[in-house]
Amino acid sequence: MKILVIGSGGREHALVWKLAQSRHATRIWCAPGNAGIAGERLPANGEPVTCPAVGAEDLPGLLALAREQRPDLVVVGPDNPLAMGVVDLFQDHGVRAWGPTRQAAQFEASKVFAQEFMERHGIPAPKASVFTEFAPASRFAAGLGGRCAVKVDGLALGKGVMVCRDMAQADAALEQMLVKGAFGAAGTRVVIQELLEGTEVSLHALCDGKVAKLFPTSQDHKRVLDGDQGPNTGGMGTCSPTPFLTDTHLATAYRDILEPWLKGCAAEGIDFRGLLYPGLMLTQDGPRVLEFNARFGDPETQVYVPRLENDLVELLEASVEGRLGPIQLEWSSMASVCVVMASGGYPGSYAKGKVITGLADAERLPNVKVFHAGTARVGDGIVTNGGRVLGVTAWAPDLRRARDAAYAAVACIRFEGAHYRRDIAAKALKAK
Ligand code: AMP
């Protein structure tokens, strides 16, 4: 089977690595991919993975590529092309594509849609209201004592949420969004949610339009510095499993969140085939959904794929074809840890083109895989090409050993300005 993967990050490298191990895969392209993805081969036939220079949001270019190469399955990684309707486009042209359609991707692409859907279907969510004007929005925020999360409706590269603890912050956020129009069309409507306290966790569920199959637990580390300090990032590391979400929590989350979500989708004619990834706050009153994503998490995918024992091609085909019902997701008892190595300055501005050394030494360690995110090949070398550069991942019979193995691999790798958190999985280990 020939497979075209869309995207260029660590998530896509993890997906490609796992898809390449499938007994069905004969050829893989990843557009546009990165240096690590371009270095992969299919173990069964030795075929190299190719990375055509077509951007993930270049829909006409992707369609032309699919017409030329005739993949049997397209796998979409990132949120933007999903929100742009890339899956609809492929389907309209008879190409089988995995991922939610534009309508189904609204769970992520519109915070207003997601919030109102949750309210219509009794899914536990923060109290919230939707606004287009500053004055009523500010009054609503004042009613919450200024303690609120102000969110622009549309996709904003992960920067469209401002967590506010007083009225000065809330008004400043609302002014940016509704008065200055800093987020353009994505920010003409905002959702204001009450600020919730608790532990933040996320779920992953593979869906086929009728059923949702929950993954085991994982935990992201969003802040750039140790001890959850500093600004938010796309994610500085992950571990799976995490003790903060127990099996009881998972069962409750399934009953209270996924069941009403599936019923709501059926009632509204939303056929969600793809990966649903809700972000939750575990509050004293139970779990609350802060947001929905409609794709695999990055860097959650990097810790899931080493533990997944099913053939990923078979799972994604079953998801596209509505056949997931009888399929059991199988996970190894191994724990896994991913440490993200980032460019100096990230999540602010950073330089590119720094030479990376030690990758081969890191990958010679047992049960280690270095997933590339922002990398490029220049001549014989590999250089940095993004904010998050590498997701150094290891797996072992327990979390402590997985953590130690991931950091041993990190210690092999060098590039100018590299920084990473030293406490990935530390809280999970302490809680255990
Ligand atoms: P979102 O993209 O909606 O998940 O928001 C990004 C981050 O903002 C989340 O990961 C939380 O850390 C924080 N956040 C969002 N909504 C809330 C809320 N209602 N209460 C507390 N924190 C929130």
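Indexing begins at 1, ligand by ligand and atom by atom, following the structure's order. Numbers here are sequence positions counted from 1.
- Given atom 21 (C) of ligand 1, the protein heavy atom at minimum distance is Leu196 O, 3.3 Å.
- Partners of Tyr407 under the side-chain hydrogen bond (donor to acceptor under 3.5 Å, both in side chains) rule, at least two apart in sequence or in another chain, do not exist in this structure.
- Among all non-hydrogen protein atoms, the one lying nearest atom 4 (O) of ligand 1 is Glu291 CD, 2.8 Å.
- Counting only heavy atoms of the protein, atom 22 (N) of ligand 1 lies nearest to Met281 CE, 3.9 Å.
- Note on ring orientation: taking the six-membered ring where Trp is involved, the planes of His204 and Phe296 are tilted (angle from 30° to 60°).
- At a threshold of 4.0 Å, the pair Asp423-Arg403 does not count as salt-bridged, since none of the basic side-chain nitrogens sits closer than that to a carboxylate oxygen.
- The closest protein non-hydrogen atom to atom 23 (C) of ligand 1 is Leu290 CD1, 3.9 Å.
- Taking 4.0 Å as the cut-off between side-chain N and carboxylate O, Arg165 and Glu197 count as a salt-bridged pair.
- Taking 4.0 Å as the cut-off between side-chain N and carboxylate O, Arg295 and Glu12 do not count as a salt-bridged pair.
- The protein atom (non-hydrogen) at minimum distance from atom 19 (N) of ligand 1 is Glu194 O, 2.9 Å.
- Ligand 1 places these atoms under 4.0 Å from at least one heavy atom of Leu195: 20 (N), 21 (C).
- Ranked by closest heavy atom to atom 15 (C) of ligand 1, the top entry among Lys151, Lys127, Gln193 is Lys151.
- With respect to Arg96 and Glu321, a salt bridge is recorded, a charged nitrogen being found less than 4.0 Å from a carboxylate O.
- By the 4.0 Å N-to-carboxylate-O rule, Arg147 lies too far from Asp166 to be salt-bridged with it.
- When hydrogens are left out, the protein atom nearest atom 10 (O) of ligand 1 is Glu200 OE2, 2.4 Å; that is the closest non-hydrogen contact.
- For ligand 1, the atoms lying closer than 4.0 Å to a non-hydrogen atom of Ala149 are 16 (N), 17 (C), 18 (C), 19 (N).
- In the model, His249 has a side-chain atom that pairs as donor or acceptor with a side-chain atom of Thr246 under 3.5 Å.
- In terms of protein heavy-atom proximity, atom 13 (C) of ligand 1 is closest to Val163 CG2, 3.6 Å.
- Nearest heavy-atom pair across Val191 and Ala128 is CG1-CB, 4.0 Å.
- When heavy-atom distances to ligand 1 are checked against a 4.0 Å cut-off, Lys222 has no atom that comes that close, whether in backbone or side chain.
- Scanning the protein heavy atoms around atom 7 (C) of ligand 1, the nearest turns out to be Val161 CG1, 4.4 Å.
- Residue Arg288 places no heavy atom under 4.0 Å from ligand 1.
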